[in-house]
Amino acid sequence: MSSRGSGLQSKKAILIICDGMGDRPQKDFGNRTPLEAAYTPHLDRLAKNGWTGLMDPVSPGTPPGSDVAHFSLFGYDPYKYYTGRGGLEAAGAGIQLAPTDVAFRCNFSTVDDNFTVSDRRAGRIKDGTADLAKALNGMRLETVRDLTVEFVQTVEHRGVLVLRGSRLSRHVSDVDPHQLGVRVLESKPLENSPEAARTTNALNEFTRRSYEVLKNHPVNIERIRVGEKPANIILARGAGTFPQITPLSRLYGVRTACIAVVALVRGICKIAGMDVIDVEGATGGLNTNFMGKAEAASEALQRYDYVLLHVKATDVAGHDGNFEAKKKAIESIDRMIGRLTQAIDLSQCYVVVTADHTTSVSVRDHSGDPVPILIFGPDVLASDVTRFCERSVAHGNLGRIRGFDITPIVMNYLGKIKKFGY
Ligand code: ZN
Ligand code: ZN
């Protein structure tokens, strides 16, 4: 990393979030975790020479969603600021929400005439969703007349529904039953308020009418003709509003950017005021372009003070229950970090490596375990642990911290935190 111009270099920091990297010891693999089994010389070197410890992404024992965990890692207390998935999804899709709007995460799905769900992803539809979305966008509702309905398709079978207007509530249940062979649910108010009742009326009518509009749409007639499942209904879930948070740039006076592919993470980053950097070949999967990410991150550190580098592959392997794939993903991350640390000036840059939660290969889902963390950089105390893994960092010098402590800890090192008191 070169200093730009003359004068004092300002310090930088990179937060590397390995999604779901934490794990539990696995009986079938010598009682080791994937991180313990992996060959990680670069991570081990950073851990030995940096602070290490355990981190509870949200609170001890609480399995966090990636959305809540990322909120926390950026320094926002999710119990205070998290307002549901839908608002984040909308932000990820580039939709601006007013504070009174309610957004939902949606799937194009397949139902029969009885509204029984046969495919929640409409045969993983890829083409034609823009036309289907157009047919729904701007729908005038009979039950709630003073609302605007906006529907936007996003990636593959996914989309976002926005109810724009006043007197709405995000405290309503999903219409998506999250399983097959059962009927579409009726959305119910989750609080006793006229706003929640009004929102469920609007959502239930939209759901019913989406079937009427979509079932005979030319895109679906063609899909049926070629033997594919029709995308004949919109199933909404995760009602949310736009979180009212102050962006990091304003909170700390830093220039921030993120390198992430997953729409949800990108959405949260945008809300936190980060610029989103694209990397060619970054997929969000096991085959992602790890080295491209390292290069993009080292470039970003020339222009930004605080960079987030997110890697999804570890979470994917965890959900698949695939120990070997997770170990391999961790080894790829290690090489990525090797490339990155070669390219930047480590006397001026902090490197933080952690996970947003544990996605254990035995649980195949997120769990409430703490995750390992290391903070390497100028003026940090060396922990002298020999490995970067769950077992080793438990003896590290950082102790056990909460997710929302990380960003303030880093900002303190960057000299961005004001004194509390006189
Ligand atoms: Zn995650
Ligand atoms: Zn996950």
Side-chain angles (χ1 to χ4, degrees), residues 15-24 26 33-35 54-76 78-79 81-82 84-89 91-92 105 107 120-121 155-156 158 178 237-238 240 243 258-272 274 276 282-288 290 293 308-323 325-330 332-333 336 352-373 390 402-404 406-407:
L15 171 60
I16 302 171
I17 300 181
C18 312
D19 205 304
M21 180 172 65
D23 215 302
R24 294 176 174 177
Q26 299 300 318
T33 69
L35 192 52
L54 289 171
M55 187 263 288
D56 292 292
V58 177
S59 61
T62 302
S66 289
D67 47 3
V68 164
H70 276 79
F71 254 90
S72 188
L73 299 182
F74 296 161
Y76 305 105
Y79 289 107
Y81 294 108
Y82 182 70
R85 175 81 183 245
L88 307 177
E89 204 73 12
R105 194 179 180 211
N107 273 11
R120 286 184 62 247
R121 300 180 184 95
V155 181
E156 296 175 357
R158 302 179 189 93
H178 298 267
R237 64 189 193 274
C258 81
I259 295 159
V261 182
V262 178
L264 177 72
V265 175
R266 288 165 76 102
I268 296 167
C269 290
K270 282 185 197 166
I271 292 168
M274 295 180 178
V276 178
T283 59
L286 295 162
N287 60 347
T288 196
F290 290 95
K293 285 189 170 221
L308 164 76
L309 173 54
H310 175 258
V311 180
K312 180 75 175 164
T314 30
D315 184 57
V316 174
H319 284 290
D320 288 348
N322 190 334
F323 186 98
K326 192 163 178 183
K327 177 177 157 229
K328 225 174 122 200
I330 291 167
S332 299
I333 288 171
M336 175 190 81
V352 183
V353 185
T354 190
D356 59 341
H357 48 77
T358 289
T359 310
S360 174
V361 292
S362 49
V363 181
R364 293 185 172 216
D365 205 345
H366 305 182
S367 58
D369 309 24
V371 296
I373 179 168
E390 297 83 347
R402 297 279 183 113
F404 50 76
I406 293 173
T407 290

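Read the numbers this way: they start at 1 and go in the same order the structure lists the ligands and their atoms.
Checking T359 against the Zn ion (ligand 1), every N/O/S atom stays at or beyond the 2.8 Å cut-off. For D19, every N, O or S atom stays at 2.8 Å or more from the Zn ion (ligand 2). Contact annotation: H366 places an N, O or S atom under 2.8 Å from the Zn ion (ligand 2).
Take the N/O/S atoms of H319: the one nearest the Zn ion (ligand 2) is NE2.
Ring pair H319/H366 is tilted by interplanar angle, where 30° to 60° counts as tilted.
Draw a line from the Zn ion (ligand 1) to OD2 of D356 and another to NE2 of H357, and the angle between them is 100° (to 10°).
Checking T358 against S360 by side-chain atom types alone, no donor-acceptor pair falls below 3.5 Å.
With a 4.5 Å cut-off on side-chain heavy atoms, C269 and H310 do not count as touching. The shortest distance between side-chain heavy atoms of L73 and D356 falls below 4.5 Å.
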Checklist line | Candidate pair D369 and H357, rule side-chain hydrogen bond (donor to acceptor under 3.5 Å, both in side chains), full reasoning | finding: CA-CA 7 Å; D369 309 24; H357 48 77; over 6 Å; no
